[in-house]
Amino acid sequence: MSNPLTGSPGVPEKPSLEGLEDRWAGTWEHDATYRFDPTATRAEVFSIDTPPPTVSGSLHMGSVFGYVQTDAIARFRRMQGWKLFYPMGWDDNGLPTERRVQTYFGVTCDPSLPYDPDFTLPEEPGKDDIPVSRPNFIELCERLTAEDEQAFEELWRRIGLSVDWQRTYATIGDRARRTSQRMFLRNLARDEAYSSEAPTMWDVDFQTAVAQAEMEDKEQPGAYHRLRFDDIEIETTRPELVAACVALVAHPDDERYAARFGTSVHTPLFGVEVPVLAHRLAEPDKGTGIAMICTFGDITDVTWWRELGLPTRSIILRNGRIADTPPPGVPDGDAWRAIAGRTVKQAQRAMVEMLSASGEMVGDPRPITHPVKFYERGDRPLEIVTSRQWFIRNGGRDEALRQRLLERASELVWHPHYMKVRFDDWVNGLNGDWLVSRQRFFGVPIPIWYPLGPDGEADHDSPLVPDEARLPIDPTTDAPEGYTEEQRGKAGGFIGDPDVMDTWATSSVTPQIACGWEDDPDLFAATFPMDLRPQGPEIIRTWLFATLLRSHLEHGVVPWRHTTINGWILDPDRKKMSKSKGNVVTPMALLEEFGSDAVRYWACNGRPGTDTALDQGVMKIGRRLAIKVLNASKFALGRLGDGPVPGLDSVHEALDVALLAELAKLVEGATAAHEGFDYARALELTEGFFWSFCDDYVELVKTRAYGERSAEGADSARATLAIALSALHRLFAPFLPFVTEEVWSWWQEGSVHVAPWPTIAEVGPHSGAEPAVLDVAAQVLGAVRRVKTENKKSMRARVANLTVRAPRAVLLDVDAAREDIVDAAGVDNFDTEEGDALSVEVELADD
RNA sequence: GGGCGCUUAGCUCAGUUGGUUAGAGCGCAGCCUUCACACGGCUGAGGUCGCUGGUUCGAGUCCAGUAGCGCCCACCA
């Protein structure tokens with residue numbers, strides 16, 4: 001090893017962790033330590049598709065957990081020589097931001113308004129929300145999120161993420177909107193995107209359609225109501241939908257109803273004639289085995305309606321209320337008037353009263369709990385309404401595409417591997433194409449217009465698309481090519497699509513946004529397909545799936561080589577942490593209490609994919625480790641003396657050779673663990689070595705290193721200390737970037753984070769040596785300590801006589817470390833005798 | 001209802017392809033005010049590896065079943 005040491009002027013008298021974050025984060029920024037090298041070629045690059053955190057909320061420890069793990073991976077790869085492409089995005093596109101902007105600024109978005117470039121907010125908020133155009137609304141969103149993003153970046157810098165801060169993007173920014181719209185237009189051109197008027201899941205509060213991936217089941221109280229359709233009894237949890245009933249259905253093999261297939265019955269109260277039909281999805285075990293089909297009570301209704309070619313009798317409006325006028329075929333009588341205009345709940349009560357009174361309800365409602373579909377952010381159950389929506393084909397209705405996507409996912413290396421099952425389950429369970437349009441404002445607009453015929457009707461089958469060079473556009477304020485703004489909404493003119501895209505429609509192109517697809521072909525060629533996608537398990541079905549889908553459709557490749565799926569953060573009661581439960585701890589408080597390295601230590605202790613408890617005890621240990629690195633480094637560097645540090649060829653003492661052999665095993669093990677993305681294992685191995693290095697090896701050689709025995713012995717110890725210390729600083733660097741940079745700066749040039757990762761070659765010919773000498777010496781030392789402790793003596797107490805009994809082979813090892821043991825244990829007289837097993841007899845000197 | 005994961009010392013977790021007396025830290029107990037570290041150090045006590053079977057010379061590790069917990073998914077009759 002070369003000798004960069006010129007004394008140790010950099011070692012402070014009293015090393016401390018305080019202030020390291022600010023100092024080194026500033027230095028890294030100033031020195032552009034983590035800047036991407038734009039001249040790099042694909043073969044040299046390791047690129048990471050970092051999850052853009054949602055900036056509309058506050059960061060919590062769950063985010064820190066995953067990002068720090070990824071950073072440890074990134075730092076290892078960087079030291080291995082890869083040129084890191086490690087950008088950071090902000091997800092500021094979507095409902096949470098929209099809602100915050102509305103309340104924060106007191107505005108409401110009205111897409112029909114024209115853009116007002118001179119818009120300013122009033123000094124004092126008025127009583128009513130101010131209506132603003134969509135571009136104005138987006139400006140306000142960007143204004144609010146910019147502040148949040150600043151705070152986020154500060155936290156990320158403080159926790160030591162080695163991202164290239166010159167390469168950030170926001171999912172509502174121009175670049176992201178352009179990329180997202182371009183991808184949508186490409187999908188449209190290949191007929192992978194299409195619009196259709198169809199029943200869709202609808203949130204009556206948010207007033208928007210919802211995709212399968214955004215839905216979740218919630219257990220809700222409900223009740224079975226047994227209703228009489230002439231002589232047939234059915235059971236339903238939704239009696240309010242009787243007016244929407246279009247048929248009854250039973251299983252084709254159900255003998256109870258076989259004779260009735262093809263006949264008809266009358267709905268209670270309304271007396272509408274509906275057919276009795278057979279369908280394989282009807283379950284004989286549920287209720288009475290025969291169900292009423294309504295348009296639409298649930299997704300099965302939609303299936304039956306479609307496959308059995310039934311008419312439509314929709315009664316629920318988009319606001320969640322019953323329509324004022326009955327659907328075709330339903331009489332506008334007393335029964336209808338009792339439910340018209342009411343909410344679903346009110347209508348149900350009214351129906352139950354009327355059905356009881358008419359005798360068409362058998363017995364009392366039977367309370368149950370059952371799963372009901374909700375929008376993941378919603379408070380009321382989803383309804384199904386018919387509306388025009390945009391879809392992207394995702395294999396949900398295309399077996400061949402489904403299979404190709406499953407194959408693509410197999411090209412990805414999953415860490416841990418079993419997480420892939422979640423992807424497969426999701427793809428195999430898809431029941432329709434991806435609904436990407438949302439009836440919201442703050443999002444990436446669907447870049448489409450529709451021509452208006454002479455009658456003023458929009459022609460949805462011949463959408464007008466912009467030239468890609470114009471992107472991003474907003475069809476509610478920009479006019480299509482060949483038209484002028486005056487023609488908007490006029491017969492013979494055009495109308496813009498009012499909807500925005502699902503947030504995942506933009507999130508699913510993060511590789512393309514980050515890598516500069518079409519905007520920067522050189523960058524794209526150097527970074528895509530990317531090397532790593534780290535993310536949480538809960539968004540495999542959304543973010544990972546959608547990204548893979550769009551990369552497959554556009555580029556015909558899997559977008560990354562590896563994906564790491566992190567685990568959950570659990571609170572001390574082992575419950576998943578979430579804001580709603582109020583058990584979220586803010587990261588900054590912990591960073592201030594324990595220091596960034598300590599919090600990182602905790603995060604990196606979490607095994608890949610494994611749920612981890614938020615444990616301040618582990619952070620405490622991380623802090624202790626960081627302090628130990630400071631002190632041990634100071635001490636070891638102090639033993640190196642003032643002259644040049646001897647190199648590898650000075651190592652000849654058996655104990656030193658043994659230490660280097662152990663070190664080689666550590667380097668080998670930690671490197672292999674890292675290569676398999678198991679940062680936690682690498683940390684564990686390094687930490688284990690480090691503590692025994694401090695407790696045993698350093699104690700054994702500290703006297704010899706001073707040169708009190710011989711110059712050769714001192715040189716051997718000094719060379720070994722320097723080699724081990726250098727390797728340890730680098731092995732710890734991915735986990736404890738601040739303290740390792742600090743100690744590295746005491747005696748080395750440049751940043752430890754761009755220093756080469758340690759190799760076995762550094763310990764040269766000693767990598768295969770037997771480490772037994774160190775092990776035996778440590779055992780003897782431990783035995784002496786035990787006796788001193790038992791006799792309540794200081795560790796400095798002298799040993800009058802030390803006798804080691806062991807087999808001949810072991811005695812050779814003991815002899816090899818004899819002088820070091822004598823010095824470290826404070827021995828006056830040292831004897832060895834042959835014996836069966838290693839045993840140590842200690843006779844302490846008198847006080 | 002289907003799938004995946006977890007279950008090892010009081011607590012938080014390791015335990016790589018089955019191999020000798022099962023590991024770490026915290027906590028606990030005791031000792032040492034040591035000249036790198038009291039934001040310390042040393043030493044020690046503590047576990048029939050969820051349960052039941054099976055394979056094997058040998059199982060925390062493999063197989064089958066089972067219980068509890070967590071997560072994901074599923075057409076709300």
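A note on names: the letters A, B, ... follow the listed sequences, proteins ahead of strands, and every chain is numbered from 1.
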For the side chain of A/Tyr418, starting at C-beta, report the closest nucleotide among B/C32, B/G5, B/C26.
-> B/G5
Nearest-nucleotide 5' precedence on RNA chain B, A/Leu781 against A/Pro15 | A/Pro15
Can the ring centres of A/Trp414 and A/Phe423 be said to be less than 6.0 Å apart?
-> yes
Among B/C37, B/C35, B/G70, the one nearest any side-chain atom of A/Lys14 is B/C37
A/Tyr375-A/Trp202 aromatic ring centre distance below 6.0 Å | no
How would you label the contact of A/Thr303 with the nucleic acid (heavy atoms, under 4.0 Å): base, sugar-phosphate, or nothing?
-> nothing
With rounding to whole Å, what would you report as the distance between B/G53 and B/G15 at their P atoms?
-> 28 Å
Rounded to the Å, how far apart are A/Glu283 CD and B/C76 C1'?
-> 12 Å
Looking only at side-chain atoms of A/Ala613, point me to the closest of B/C73, B/C13, B/C42.
-> B/C13
Is the A/Tyr697 ring parallel, tilted or perpendicular to the A/Phe693 ring (thresholds 30°, 60°)?
-> parallel
Integer angstrom distance from the C1' of B/A45 to that of B/C28 = 9 Å
Which listed nucleotide (B/C76, B/C73, B/C32) is nearest to the side chain of A/Trp426?
-> B/C73
Check every strand shown and say whether A/Gly617 touches a base, only sugar-phosphate, or nothing at a heavy-atom separation below 4.0 Å.
-> nothing
Can you tell me how far C1' of B/G41 sits from CZ of A/Arg785, to the nearest Å?
-> 9 Å
Using a cut-off of 4.0 Å on non-hydrogen atoms, how would the nucleic acid contact of A/Lys792 be classed: base, sugar-phosphate, or nothing?
-> sugar-phosphate
Determine whether any donor atom in the side chain of A/Arg422 lies under 3.5 Å from an acceptor atom in the base of B/C4, or the reverse, and answer yes or no.
-> no
Please check if atom CG in A/Asn791 has more than 12 non-hydrogen atoms from other residues, nucleotides or ligands closer than 6.0 Å.
-> yes
When all nucleic acid strands are considered with a 4.0 Å heavy-atom cut-off, which category describes A/Glu699: base, sugar-phosphate, or nothing?
-> base
Measure from CZ on A/Phe374 to P on B/C76 and round the result to the nearest Å.
-> 14 Å
With a non-hydrogen cut-off below 4.0 angstrom, is A/Ile621 in contact with a base, only sugar-phosphate, or nothing?
-> sugar-phosphate
Mind calculating the distance between CG (A/Asp425) and C1' (B/C73) to the nearest angstrom?
-> 6 Å
Verify side chain to side chain contact (heavy atoms under 4.5 Å, CB included) between A/Leu277 and A/Leu248, making sure each step is shown before the conclusion.
-> CA-CA 6 Å; A/Leu277 303 170; A/Leu248 299 190; over 6 Å; no
Listed nucleotide nearest any side-chain atom of A/Lys634, set B/C76, B/C32, B/A36 | B/A36
Please determine if A/Glu662 and A/Lys665 form a salt bridge, counting it only when a charged side-chain N lies under 4.0 Å from a carboxylate O.
-> yes
What does A/Leu382 touch in the nucleic acid at a heavy-atom separation under 4.0 angstrom: a base, only the sugar-phosphate, or nothing?
-> base
When you look for runs of 3 or more Watson-Crick or G-U pairs in a row, both distances below 3.5 Å, which of them include RNA chain B?
-> B:1-7 with B:67-73, B:10-13 with B:23-26, B:28-32 with B:40-44, B:50-54 with B:62-66
What salt bridge (Lys or Arg N to Asp or Glu O under 4.0 Å) pairs are there with at least one residue in residues 286-302 of chain A, not counting sequence neighbours?
-> none
Starting at CD of A/Glu675 and ending at C1' of B/U16, how long is that distance when rounded to a whole Å?
-> 16 Å
Could you check how far NZ of A/Lys620 sits from P of B/C11, rounded to whole Å?
-> 18 Å
Taking B/C32, B/C75, B/C73 as options, the one with an atom nearest any side-chain atom of A/Arg541 is B/C73
Confirm from the modelled atom types if A/Lys373 and B/C76 form a donor-acceptor pair under 3.5 Å, side chain to base only.
-> no
Do the charged groups of A/Asp231 and A/Arg260 touch, with an N to O distance under 4.0 Å?
-> yes
Touch check for A/Ala673, heavy atoms < 4.0 angstrom, all strands: base, sugar-phosphate only, or nothing?
-> nothing
Closest of B/C75, B/G25, B/G41 to the A/Thr300 side chain is B/C75
Just compare B/U12, B/U43, B/C4 and give me whichever is closest to any side-chain atom of A/Asp615.
-> B/U12
Given atom CG of A/Leu430 and atom P of B/C73, what is their separation to the nearest angstrom?
-> 12 Å
Presence of A/Arg624 side-chain N/O under 4.0 Å of B/G41 phosphate oxygens OP1/OP2 = yes
Name the nucleic acid region contacted by A/Asn791, choosing base, sugar-phosphate or nothing; use a 4.0 angstrom heavy-atom cut-off, strictly under.
-> nothing
Could you give the CD1-to-C1' distance, from A/Ile539 to B/C73, as a whole number of Å?
-> 17 Å
Between A/Phe374 and A/Met215, does a side chain to side chain contact (heavy atoms under 4.5 Å, CB included) hold up when you go through it step by step?
-> CA-CA 6 Å; A/Phe374 279 71; A/Met215 291 188 267; over 6 Å; no
Taking only the side-chain heavy atoms of A/Leu281 (C-beta and beyond), determine which of B/U34, B/C75, B/G5 contains the nearest atom.
-> B/C75
Which part of the nucleic acid, if any, lies within reach of A/Thr610 when heavy atoms closer than 4.0 Å are counted: base, sugar-phosphate only, or nothing?
-> sugar-phosphate
Side-chain donor/acceptor contact of A/Glu13 with base of B/A36 under 3.5 Å = no
Please measure how far the C1' atom in B/A9 lies from the corresponding atom in B/A14, and state the result in whole Å.
-> 13 Å
Close N/O contacts between protein and nucleotides 44-46 of chain B (under 3.5 Å):
unit_1: B/G44; atom_1: OP1; unit_2: A/Arg786; atom_2: NE; d: 2.8
unit_1: B/G44; atom_1: OP1; unit_2: A/Arg786; atom_2: NH2; d: 3.4

Where the side chain of A/Met795 is defined as all heavy atoms beyond and including C-beta, which of B/A36, B/G70, B/U34 is the nearest nucleotide?
-> B/U34
A/Tyr601 vs A/Glu687, side-chain hydrogen bond (donor to acceptor under 3.5 Å, both in side chains): CA-CA, chis, key distance, verdict = CA-CA 11 Å; A/Tyr601 172 87; A/Glu687 193 185 2; 2.7 Å; yes
Would you call A/Glu18 and A/Arg623 a salt bridge, using N to O less than 4.0 angstrom?
-> yes
When the C1' atoms of B/U8 and B/G60 are considered, how many whole Å apart are they?
-> 7 Å
